[in-house]
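Both ligands and their constituent atoms are indexed starting at 1 by order of listing. Quantities reported herein were computed from a predicted structural model and do not represent experimental measurements.
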Amino acid sequence: MSFTTLGLSAPILDTIAEQGYDKPSPIQLQAIPAVLNGSDLMAAAQTGTGKTAAFTLPILEILSKGQRAQANQARVLILTPTRELAAQVAASVETYGKKLPLTSTVVFGGVKINPQMIKLRRGIDVLVATPGRLLDLYNQNAVRFKHLEILVLDEADRMLDMGFIHDIRKIISFLPKQRQNLMFSATFSDEIRKLAKGMVYNPVEISVSPRNTTASTVKQWICPVDKKKKPALLLQLIVDNQWDQVLVFTKTKHGANRLTRYLEEGGIRAAAIHGNKSQAARTKALANFKKGMVQILVATDIAARGLDIDQLPQVVNFDLPNVAEDYIHRIGRTGRAGSTGQAVSLVAADEFKLLSDIEMLIKQILVRESVDGFEPVHVLPQSRLRPVRANKPKKPKRSKIGHTDGQRSGENSRGHKPAGKNKKQAGSYYKTRNKSSVRSR
Ligand code: ADP
Ligand code: MG
């Protein structure tokens, strides 16, 4: 199946070809015709499956056929939870729409509001925004939605996690009742479905991967280690494995700063990205990381959400996340678009509960591999997948203990599945896209 049969016109198809996309991803295959049809949509897909293009391409197609935006009006509103994600989606809109006479802009907090007001004055076809700044602009009469055609909620699950529910409801109350609604999310929780009820009408539902499974192309393992020794272990792993581009997650902003300083003292070029940093500092750190000028980017969950860094080879969980689902989001930063990635978690004994929650969620026990000289004094208890309720019958052993099973079916000593053999999920269509065809940013 190629892009040409989906109902997109020549300028967009040309741009897609220039991007080196051979065929639509599964979510694109389903979402593009549905959006072009005018349907509302609820789509769930794991990160890195091409959700942004799945909504942007048909939106651009629809907009290219209608009337240009009038003063202070927006025709499409795309809401995202974070500034970084907003900037990224806006960049995609610009890229995919570069052969069309449409306007787009992005607004988010942390930077001056005046230039944003000026940009909105003439009207904007596609407005990408974070909820808080959008409300500010609305309250100052800088933007109106009289002619709004389409509303998109990207990473809707994260918006709820971040407490944007009231802002979203308020924004929706400003919008015309007659509009198309598209809701995208990595997973669909019950809360999301509740929000959807008041927002989408008779939606086409698309789900391209089973809930709560991790990307098939990511090799995952854990290093048991004492808390105190985590920084030294990380440094050693970076040096021994010659990792040259690593995204490291810490639980706190403070922890991110401390670790960054430690790595810098160890001669490693590192930068931190989190909510206390100015927008300019965050943008610069990310740009330097993408360019390879910064080797290690240390991030908190909120800052890292949705970042699309092509071919990121390595993710490290310096701390395990408090919320098990964040583990899936974190390791979704690697192994994107079919490239293989590695995700290692440094786990101290007091994180055992968090580890168990993650293993329950992903339904697999993570392979453990201690590093010489870093064997923990405080022993990490053995994992096992507990049944959810004590009275439920146990599942067959085969499906539970990933690594013992894997050893037999030809995994390497770490228990990682060779990427090429894994036929599950989104991987297959992306395989045609090799390293050399990836555009640089
Ligand atoms: P998601 O929002 O699902 O996390 P993105 O839309 O950010 O995913 O896309 C992830 C990566 O895949 C991006 O680098 C994008 O350029 C690339 N991509 C998107 N669609 C395709 C496609 N059809 N073929 C190849 N690469 C694609
Ligand atoms: Mg996305």
Side-chain angles (χ1 to χ4, degrees), residues 1-6 8 12-33 35 41 43-60 78-82 84-98 128 152-159 182-188 206-209 213-218 247 286 290 304-313 315 328-341 425-441:
M1 183 63 94
S2 88
F3 275 106
T4 52
T5 57
L6 296 180
L8 299 167
I12 295 181
L13 291 174
D14 286 353
T15 309
I16 293 170
E18 275 175 22
Q19 294 301 308
Y21 301 174
D22 303 330
K23 42 183 170 161
S25 69
I27 188 136
Q28 291 163 0
L29 202 57
Q30 296 181 66
I32 292 171
V35 177
L41 194 71
Q46 59 192 119
T47 47
T49 51
K51 290 196 289 288
T52 313
F55 62 79
T56 304
L57 298 175
I59 283 176
L60 292 170
I78 302 175
L79 291 175
T80 74
T82 66
E84 282 79 11
L85 189 58
Q88 220 164 270
V89 169
S92 295
V93 171
E94 199 154 299
T95 304
Y96 297 138
K98 68 180 175 199
V128 186
V152 181
L153 283 197
D154 193 17
E155 312 254 0
D157 47 350
R158 192 54 162 202
M159 299 236 218
L182 315 177
M183 201 160 156
F184 287 80
S185 180
T187 54
F188 274 135
I206 300 174
S207 179
V208 300
S209 59
T213 50
T214 50
S216 58
T217 47
V218 179
L247 182 59
L286 184 61
K290 286 187 175 186
R305 174 74 177 187
L307 296 184
D308 176 28
I309 301 156
D310 279 359
Q311 307 283 319
L312 191 62
V315 165
I328 294 171
H329 297 313
R330 286 179 177 190
I331 73 167
R333 307 293 110 218
T334 181
R336 293 173 76 81
S339 62
T340 36
Q425 302 170 12
S428 58
Y429 87 96
Y430 276 128
K431 296 240 163 62
T432 53
R433 191 170 175 251
N434 58 25
K435 281 196 168 144
S436 62
S437 72
V438 174
R439 75 207 146 96
S440 56
R441 286 163 184 259

Within a distance under 4.0 Å of any heavy atom of Thr52, pick out the atoms of ligand 1 and give their elements.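 Those atoms are 2 (O), 5 (P), 6 (O), 7 (O).
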
Tell me which part of Gln19 gets within contact of ligand 1: side chain, backbone, both or neither, using heavy atoms under 4.0 Å.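 It is neither part, as no heavy atom is under 4.0 Å.
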
Which bit of Phe3 gets closer than 4.0 Å to ligand 1, counting heavy atoms only: side chain, backbone, both or neither?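 Only the side chain of Phe3 comes within reach of ligand 1.
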
Nearest atoms (heavy-atom pairs only) where Asp157 meets Ser185: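 The pair with the smallest heavy-atom distance is CG-OG, 3.0 Å.
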
Shortest non-hydrogen contact from Phe3 to Lys23?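 In this case the closest contact between Phe3 and Lys23 is CE1-C, 3.4 Å.
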
Within-cut-off N or O pair, [X] and ligand 1, under 3.5 Å:
X     : answer
Pro24 : no
Asp22 : no
Tyr96 : no

Quick one: does any side-chain atom of Lys51 pair with a main-chain N or O of Ile27 as donor and acceptor, under 3.5 Å?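 It does not hold such a pair.
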
Please determine which of Leu60, Thr15, Val93 meets the side-chain contact (heavy atoms from CB on, under 4.5 Å) test together with Lys98.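 That would be Thr15; it is the only one of Leu60, Thr15, Val93 passing the side-chain contact (heavy atoms from CB on, under 4.5 Å) with Lys98.
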
For Ala87, side chain to side chain contact (heavy atoms under 4.5 Å, CB included) partners two or more places apart: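 By the side chain to side chain contact (heavy atoms under 4.5 Å, CB included) rule, Ala87 matches Phe108.
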
Please state whether Lys23 comes within less than 4.0 angstrom of ligand 1, counting heavy atoms only.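 True for this residue.
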
Kindly write out the residues that satisfy side chain to side chain donor-acceptor pair (under 3.5 Å) with Thr4, not counting sequence neighbours, or none if the list is empty.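 Partners of Thr4 under the side chain to side chain donor-acceptor pair (under 3.5 Å) test: Ser2.
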
